[in-house]
Amino acid sequence: MAAVRRLSAVPIRRCHPLFLLRSFSSAGSEPTITVETSVPFTGHKIDPPSRSVETTPSELLSFFREMSLMRRMEIAADSLYKSKLIRGFCHLYDGQEAVAIGLETSITKKDAIITAYRDHCIYLARGGTLVEAFSELMGRRAGCSKGKGGSMHFYKKDSGFFGGHGIVGAQVPLGCGLAFAQKYLKEGTVTFSLYGDGAANQGQLFEALNISALWDLPAILVCENNHYGMGTAEWRAAKSPAYYKRGDYVPGLKVDGMDVLAVKQAAKFAKEYALKNGPMILEMDTYRYHGHSMSDPGSTYRTRDEISGVRQERDPIERVRKLIFSHELATASELKDIEKEVRKEVDDAIAEAKESPMPDPSELFTNVFVKGFGVESFGADRKEVKAILP
Amino acid sequence: MLTRWIEPASTQRKDVGNCQAQGWMRGFLRDGEEIIVKFSLALRKVLPTGSALPMNYSTATKEITVREALNSALDEEMSADPKVFLMGEEVGEYQGAYKISKGLLEKYGPDRVLDTPITEAGFAGIGVGAAYYGLRPVVEFMTFNFSLQAIDHIINSAAKSNYMSAGQISVPIVFRGPNGAAAGVGAQHSQCFAAWYAHVPGLKVLTPYSAEDARGLLKAAIRDPDPVVFLENELLYGESFPVSAEVLDSSFCLPIGKAKIEREGKHVTITAYSKMVGYALQESLFSKHKSIFLLNHIKAAEILSKEGISAEVINLRSIRPLDRATINASVRKTNRLVTVEEGFPQHGVGAEIGMSVVEESFEYLDAPVERIAGADVPMPYAANLERMAVPQVDNIVHAAKRACYRSVPLAATA
């Protein structure tokens, strides 16, 4: 471990997620820090990568900032839901931030990600803004889906984020289809299909994996194993909860999903592998602090001790904080400042999102088709409400 | 309550040639009066007669089968756009379960003509994902009965994505394959899914009848930026139709959402799609194809015209969007409507058409809307029961006559 000058002079504002550059390869100006992952990787039919991961001070600081931002966003969403500004479903990701950030670190916006309904933080990691996220959650015009999608249907196609999917497991064949297209078009990119331990038992997943393996698609299936499929613990849902092995003939890697550097390493490894050899599975051992959704207190099927235990031992943000301290990259008060800034950023975004109006009633009938041929569509009373689909 | 007992005297499988088949029907009218009507149905060789010619075959120089039409449409669209690819069971080396994709593997290679395992949920999902990325997949279901394995992807992944994403994620995919009843394949292999898919906003549902329809609509479907469910019919694959040079041109395309008036008439409108169009009107006049279903070559419109009823036959072509304008305009002209479909009656296509006419053209109706559909039972195997489970030409004739208040034959012809 190299001793590093304290970067107290680094303007922290530069670490704003929107402007963050991932080009830590230009390490001429920055020293490299080598960190060991919390636990070694476990491989299934593959030699796991080394547990020594390279990083830089600015990368660690950006991890801290971005994960704090995500954490704050999800907690704010919790309050908004309780004050009934967010309706319907709201599935929160706090605890799992390391997966979103670690993945993003090792890939480009040309690589594709598709996930299920716990998608707010992935959206942010892919370049979405807080205002778009909160507006969408509140069903406003400024939302990323113009208020028409809701919590489970965030998309950012220009950054390779294909949603946001409400049907458990369906995103996996879709993700393999994205990988198919990437191979078809010879783009040299990969697709990460994220799914949970609940979805890991879905038949269509194995169908898609079979085809991906047959056709050597650059598809990486990432099981975000937070150990509970809604309220059902993994050992009650899966005869074999070793999800990284479930691919059978497809190699897999088990990763500590609370360790952002482990995720970064695994994603880099998986991308290199998939481009050459076809699909592989990554199992991220992670945890969600909230229940399955806002209607689930999260305590009827697990103990409060378990939740607080994970928060104490394995919280991803705390791990990075400790790393920052141990390498003397910032002081406690500097990190507190970042957290304050992040909190303000989130609050400002919520205020701005609240200003955004609801969609115009005419939006009821837009985007049904790309090309509507002037066909008629109807409201509840077609004698009163009709529209022409452009 | 009307009940009908049908006891056909002959089987329907007869050679082409001059022969007669007789059927008779015993019908009980509402007031209990028993009527026995005897029909002589003359089968004759199809001859070209100018006045009964369906429209738009003016410079017909060639005949092609529906199979050839689909194959050529696929070929041309794959040639024109490298993003178009075909995926499904047996589409490649087997040359297509029904030979629709014959020759395509040789021409375009295994990267663009992909044999899949028997995993509809998996490969339909992969197709939709590829469409999300911007490719233009054509996903073949060996029959649409198997599409049920993948229906979540058709509806929740394909149909709704453009809406949920406010236009970010469009899905230019075509799901195609045979739909509806074949012959003797039993309950699990005979269902018509037109009403199922047409129910869903965000999908386009097309039902070609003739070779011209097959070519024009499949090309339109592949070029369309939205998900299209393309419902073919196995029994039509081998049927030949005359096609003009325009139809054979590689740029030929038919508009989606527009029905075709196959036969103009004055007294009653008959709407139909897919195979039932052939039942409703006279088939290709130049066909020398020996079909074993010759009885069905007696088309309802022809029979009706002999009885002085001039039927207007509308080939719907598109179930969603439904061409309500054409249907209503026709009903406003004829004042009577018979809807014909092969699928189950409840919540079917005919129900939607009937309601549309009641909503938009109620004052123009001189009789209640009549609805002919498949029997409300799973498809039986035994030939006689199967015949009862699918609409026959005489069903259409009787319904048209009911609509014309002509169920009781008049003493003198009109």
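Numbered from 1 within each chain, the chains take letters A, B, ... in sequence-line order. Just so you know, these numbers use all the heavy atoms, side chains as well, and skip hydrogens, waters and symmetry mates.
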If one checks every heavy atom of B:Asp323 against chain A at 4.5 Å, the contacting part turns out to be neither

Check your understanding: Counting only N and O atoms by type, is there a donor-acceptor contact under 3.5 Å from the side chain of B:Asp226 to the main-chain atoms of A:Lys371?
Key -> yes

Within the structure provided, determine whether A:Val368 and B:Asn162 are in side-chain contact (heavy-atom separation under 4.5 Å).
no

Notebook entry, point to check: Would you say A:Lys157's side chain and B:Tyr132's backbone share a donor-acceptor pair under 3.5 angstrom?
Noted result: yes

Check this for me: does any side-chain nitrogen of one of A:Glu376 and B:Arg324 sit under 4.0 Å from a carboxylate oxygen of the other? no

The interface call for B:Leu322 against chain A, heavy-atom contacts under 4.5 Å, is neither

* Asked: Should we count NZ of B:Lys333 as having more than 12 external heavy atoms under 6.0 Å?
  -> yes

When the 4.5 angstrom heavy-atom criterion is applied to B:Lys204 and chain A, the contacting part is both

Next on the checklist: Tell me if a side-chain donor or acceptor on A:Gln204 pairs with a main-chain N or O of B:Ala121 at a distance below 3.5 Å.
Outcome noted: no

Honestly, the part of B:Pro227 sitting under 4.5 Å from a heavy atom of chain A is neither

Okay, B:Asn156 and chain A: the region with an atom under 4.5 Å from a heavy atom over there is both

The interface call for A:Leu389 against chain B, heavy-atom contacts under 4.5 Å, is neither

- prompt: Got a sec: does the CD of A:Glu352 have more than 12 other heavy atoms crowding it under 6.0 Å?
  reply: no

Here the gap from B:Leu135 atom CG to A:Leu178 atom CG, rounded to the nearest 0.5 Å, amounts to 9.5 Å

For this session: Determine whether A:Leu174 and B:His153 make a side-chain contact, defined as any pair of heavy atoms from C-beta on separated by less than 4.5 Å.
Result: yes

Turns out that what part of A:Gln202 lies under 4.5 Å from chain B's heavy atoms comes down to neither

task: Answer with yes or no after comparing the ring centroid distance for A:Phe365 and B:Tyr163 against a 6.0 Å cut-off, counting only values under it.
output: no

Most contact-rich option vs chain A, by heavy-atom pairs under 4.5 angstrom, among B:Asp224, B:Thr116, B:Leu114, is B:Leu114

